[in-house]
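The structure under discussion appears below in the form of structure tokens.
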Amino acid sequence: MLLKLSLSGIKSKLKDYIVLLVGLVMSSSIFYMFETLAMNDAFLKQNSMISAVSFVFQAGSVLLGIITIVYILYANTFLLSLRQKEYGMYLTLGAKKKKIGKMMFIETMILGLASIIIGIVIGIGLSQVVGQLLMQQLDFNSPDYRALYLPAMMVTIIFYVVLFIVSAFVNLIKLSKLSALTLIHGETKADHIVLNPKKMTIQSIGSLILLAIGYFMMIKIATFQFIGIIVALITITAGTFLFFKTALPFLVEKLKANKKISEKKINIFTFSQLSFRVNDLTKVLAMVAMLIALAVGAITVGFAFQNSTKLALNQVSAYDIVTYNPTKKETKIMDEIQFDEKTTYHYKTDDHVTYFVADEMKEHPPLVSESRKMEDGSFKTTFSKIKEAVPENQLLDPKETTTENSNWLNALGNISNGYDTSGEQLPIKLVSKETFAALPQKENQLVVGNTNNYIGYLKQFKAIYLIEKTRYPKTDYTSSKYEMYASLNSLSSGTVFMGLFLGFAFLAMMASCLMFKVLTGATSDTKRYTMLGKIGVRKSLLVASIYKEMAMIFIFPAIIGAIHVLIGMQMFKFLLPQPYYKIWVPFAIFAVIYGIYYLITVFLYKGIVLKGEEEN
């Protein structure tokens with residue numbers, strides 16, 4: 001009987017439950033995908049670079065789990081509000097709270113299990129697609145990778161089942177504290193603004209001071225470091241909540257007081273509607289603003305990290321390629337690359353000293369690196385041809401660096417890439433052609449080159465890197481440019497995917513929370529809309545009023561959240577060369593998702609408050 005009543009209750013509110021289900025499915029599917037990528041042992045062992053990605057996705061799972069808890073708590077409030085009048089009627093007719101509690105528990109678990117099952121099915125598809133994209137991005141293949149991964153499935157099921165059980169008990173506790181009368185008439189509560197100008201002024205100034213401190217800490221994060229992050233987190237969160245508590249009611253009252261605006265059409269009714277719920281809305285609006293900042297920020301950081309890989313490549317190595325005695329195969333591969341500059345140096349070694357031709361150094365000076373500290377605390381490395389005279393016939397020993405020979409040791413270290421065929425870094429001497437020719441040792445070639453499109457020739461550079469690794473297994477060739485690219489790319493790729501999917505999940509769930517909060521009080525608004533319809537107000541004006549009211553509710557946290565993102569990205573200036581790279585992309589994604597939820601909210605709200613109007 002209870003099961004039938006629960007299914008009947010879900011069916012009667014199916015439209016509202018579907019909206020909730022979408023957020024839960026998105027959360028569980030992305031959570032499963034993160035866990036699959038983070039826990040898949042066979043996949044992780046295929047590539048040493050993937051371990052960094054594993055950590056990124058595990059961190060993403062934790063963040064997503066935290067946000068999901070908040071989301072479900074808000075969703076529970078919404079679910080209880082949907083059925084509270086019905087539950088109140090059951091109590092009036094003699095039903096016991098214990099029975100109603102069991103019915104609520106069944107409803108919550110049905111919804112939860114449905115979201116878990118659908119989420120895992122979608123998550124398997126996501127894991128397959130993202131796993132393949134990630135392997136393609138990292139340029140490796142793992143035949144052992146499985147999108148259907150039982151350990152990840154078990155973690156997802158356990159986490160969400162526990163979460164739904166806890167949320168069901170939270171609802172039971174709430175129900176136990178409400179009387180039948182409170183449940184039946186709970187929708188009639190209204191929030192009215194009581195403004196204390198002096199108190200509001202102090203709170204407004206306080207909120208601006210807190211936000212200013214937080215913004216300052218984020219901009220100067222290189223100076224304050226960890227303490228700056230903690231202070232910024234506290235002050236911006238507190239400042240945001242205080243700002244919404246004071247600014248939104250103040251704005252609404254000012255709009256109502258402005259006769260030019262309020263007396264136009266039925267604007268006074270729109271502003272009064274906001275007044276009825278404004279105090280209750282401030283908390284959720286502040287929370288949504290903060291989570292919009294996290295969501296858009298996560299996507300922005302992901303794109304910036306991806307871009308930083310390309311920019312960092314220009315600073316990790318003086319040359320795109322450094323090869324010793326290239327084989328015919330390597331030479332053929334290099335012929336496919338269009339070099340801007342390519343130089344061949346000749347050298348000999350007697351196992352104690354490496355000899356280079358001084359004339360070749362004069363004709364083609366090697367690149368010397370210079371690291372400069374920027375204003376934001378970051379370091380930028382640049383490469384330029386060495387200008388000092390060639391120190392001919394001088395022994396340049398890396399172990400005995402002096403001011404006079406430091407630049408040449410720097411430059412020679414760039415072309416020799418820190419190794420010779422024996423795997424040891426030997427002292428270097430630059431000698432004349434005649435002296436070089438007279439040396440009895442075997443003559444070797446060292447080829448270095450640069451191109452303006454490293455990523456475009458990635459396939460060729462990788463092929464040469466693998467050949468060199470095989471030829472000189474004892475050397476330190478792992479410090480090559482390709483090795484650095486692979487390392488940076490693995491971290492940035494994981495960050496991009498995590499940021500993108502976390503952003504999607506955060507935006508969907510937070511927009512849902514705002515929607516739930518608005519719809520929770522929709523039933524109590526029905527009488528006011530019905531009354532206006534009866535006195536002759538056109539339905540088109542009522543619809544326009546709803547669009548305006550919802551727009552104000554949605555736009556306000558979006559603006560504050562956007563400001564948080566734009567200033568907050570300053571935190572990454574010392575880590576990322578271009579933290580605002582393609583920032584329009586995450587904002588466009590946000591606008592689309594947020595806009596969709598705005599339209600859904602308007603549609604559902606109209607269906608509730610104008611129902612009586614349609615019947616008339």
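Fair warning: this is a prediction, and the values are worked out from it, not measured in the lab.
Counting heavy atoms from C-beta outward, Ile120 and Ile157 have side chains that approach closer than 4.5 Å. The closest side-chain heavy-atom distance from Ile560 to Leu285 is not below 4.5 Å. Side chains of Leu542 and Lys606 form no contact here, defined as non-hydrogen atoms less than 4.5 Å apart. A 4.5 Å side-chain heavy-atom check between Phe159 and Glu35 finds every atom pair outside the cut-off. Looking at Met217 and Thr235, their side chains never come closer than 4.5 Å, going by heavy atoms from C-beta outward. Within the 4.5 Å cutoff, side-chain heavy atoms of Phe244 are placed close to those of Thr240. At least one side-chain heavy atom of Phe31 sits less than 4.5 Å from a side-chain heavy atom of Val155. For the pair Met153/Leu148, a side-chain contact is recorded, criterion being any heavy-atom separation below 4.5 Å from C-beta on.
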side-chain contact (heavy atoms from CB on, under 4.5 Å) between Ile236 and Tyr215, worked out: CA-CA 8 Å; Ile236 290 176; Tyr215 290 157; 4.1 Å; yes
Derivation of the side-chain contact (heavy atoms from CB on, under 4.5 Å) call for Gln570 and Tyr580: CA-CA 9 Å; Gln570 291 287 317; Tyr580 294 96; 3.0 Å; yes
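Between Thr36 and Ala152 the shortest heavy-atom distance is OG1-CB, 3.5 Å.
For the atom pair OG of Ser127 and CD1 of Ile30, the computed distance is 10.5 Å after rounding to the nearest 0.5 Å. The line from CZ of Phe590 to CZ of Phe587 is 8.0 Å long, rounded to the nearest 0.5 Å.
Looking at Ser167, its side chain does come within 3.5 Å of a backbone N or O of Leu163 through a donor-acceptor pair. Distance alone, capped at 3.5 Å, places no donor-acceptor pair between the Thr237 side chain and the Ile234 backbone. Using modelled atom types, one side-chain atom of Ser28 and one backbone atom of Ser115 make a donor-acceptor pair closer than 3.5 Å. Without hydrogens or angle criteria, Tyr32 side chain to Tyr149 main chain gives a donor-acceptor distance under 3.5 Å.
Counting non-hydrogen atoms of neighbouring residues, nucleotides and ligands closer than 6.0 angstrom, the OH atom of Tyr547 reaches no more than 12 such neighbours.
In this structure Tyr594 satisfies the side-chain hydrogen bond (donor to acceptor under 3.5 Å, both in side chains) test with no other residue, sequence neighbours excluded.
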